[in-house]
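Okay, so here's the structure we're looking at.
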There are 2 protein chains.
Amino acid sequence: MNAPVFAEFPVTLECRLKSYDEKTSHLFGEIVNITADDSVLTDGKIDISKLKPISYNPVAHTYHVVNGEPCAAAFSCGSALK
Amino acid sequence: MNAPVFAEFPVTLECRLKSYDEKTSHLFGEIVNITADDSVLTDGKIDISKLKPISYNPVAHTYHVVNGEPCAAAFSCGSALK
């Protein structure tokens with residue numbers, strides 16, 4: 001890809017346009033490349049506790065940091081209920 | 001709406017199907033009703049610090065709790081940079 005990126009952003013998802021619906025404004029992109037700053041990596045993988053991503057609350061119009069420490073492992077945590 | 005809901009879920013978004021694309025499996029629903037347990041409300045509004053929503057990390061396959069305390073106010077935090 002040769003798209004310009006914000007150098008200040010620790011992570012960038014470069015996408016190719018897949019579809020755009022003018023009626024709904026829904027836009028889909030296929031992720032074709034991910035760039036990440038060394039400061040947010042651990043063993044070459046993006047580390048949530050270093051990236052500190054935020055989530056948007058559309059009710060209160062506030063941003064909230066996502067905890068770095070996982071609360072559960074997907075796909076396996078449910079097996080404790082079997 | 002008259003759809004069945006899981007009584008154990010503190011919040012339920014009841015949706016009406018807007019569109020479904022068999023090729024991509026993309027499904028859109030229009031939220032027509034929100035039910036919330038009293039235990040996650042503050043002054044009648046859903047309180048993130050009580051709800052403790054989780055976010056999914058598709059790289060590490062882990063779930064992460066979203067912090068209840070906001071880190072910034074949307075739409076107004078940028079005005080400090082003017």
Side-chain angles (χ1 to χ4, degrees), chain A residues 6 8-13 15-31 33-36 40-81, chain B residues 6 8-13 15-31 33-36 40-81:
Chain A
F6 290 98
E8 292 84 354
F9 288 177
V11 170
T12 299
L13 307 179
C15 298
R16 184 175 288 124
L17 182 67
K18 291 295 281 185
S19 68
Y20 176 67
D21 185 336
E22 283 194 17
K23 221 169 58 182
T24 60
S25 299
H26 292 155
L27 180 151
F28 285 92
E30 177 190 5
I31 301 171
N33 192 39
I34 299 177
T35 57
V40 300
L41 298 178
T42 297
D43 297 332
K45 283 192 171 177
I46 293 170
D47 186 327
I48 300 293
S49 63
K50 292 179 179 175
L51 178 60
K52 298 186 180 67
I54 57 174
S55 184
Y56 175 57
N57 175 0
V59 175
H61 303 305
T62 47
Y63 293 115
H64 298 255
V65 173
V66 178
N67 283 342
E69 204 58 41
C71 61
F75 305 120
S76 57
C77 59
S79 59
L81 302 173
Chain B
F6 291 98
E8 291 85 355
F9 288 177
V11 169
T12 300
L13 307 179
C15 298
R16 183 175 287 126
L17 182 67
K18 292 295 282 183
S19 67
Y20 176 66
D21 184 336
E22 284 195 16
K23 220 169 59 182
T24 60
S25 299
H26 293 155
L27 180 150
F28 284 91
E30 177 192 2
I31 301 171
N33 192 38
I34 299 178
T35 58
V40 300
L41 298 179
T42 298
D43 298 332
K45 283 192 171 177
I46 293 171
D47 186 328
I48 300 292
S49 62
K50 292 178 178 175
L51 178 61
K52 296 186 182 69
I54 57 175
S55 183
Y56 174 56
N57 175 0
V59 175
H61 303 306
T62 47
Y63 294 115
H64 299 256
V65 174
V66 178
N67 282 341
E69 204 58 41
C71 62
F75 305 121
S76 57
C77 60
S79 58
L81 302 173

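So you know, we letter chains A, B, ... as the sequences are listed, proteins then strands, and number each from 1.
Minimum interatomic distance between B/Tyr56 and A/Ala74 (heavy atoms only, all atoms of both residues): CE1-CB, 3.6 Å. Of all the heavy atoms in A/Tyr63 and B/Cys77, the pair that sits closest is CE1-SG, 4.4 Å. Of all heavy-atom pairs spanning B/His64 and A/Cys71, the tightest one is N-SG, 4.1 Å.
Screening B/Ile54, B/Asn67, B/Val66 for a side chain to side chain contact (heavy atoms under 4.5 Å, CB included) involving A/Asn67 leaves a single residue, B/Asn67. Remark: of the listed residues A/Asp47, A/Ile48, A/Ile46, A/Ile48 is the sole one forming a side chain to side chain contact (heavy atoms under 4.5 Å, CB included) with B/Asn57.
The 12-atom threshold is not exceeded at CD of A/Glu69, counting heavy atoms of other residues, nucleotides or ligands nearer than 6.0 Å.
B/Phe28 and A/His26 have parallel rings, their planes meeting at less than 30° on a 0 to 90° scale where 60° marks the start of perpendicular.
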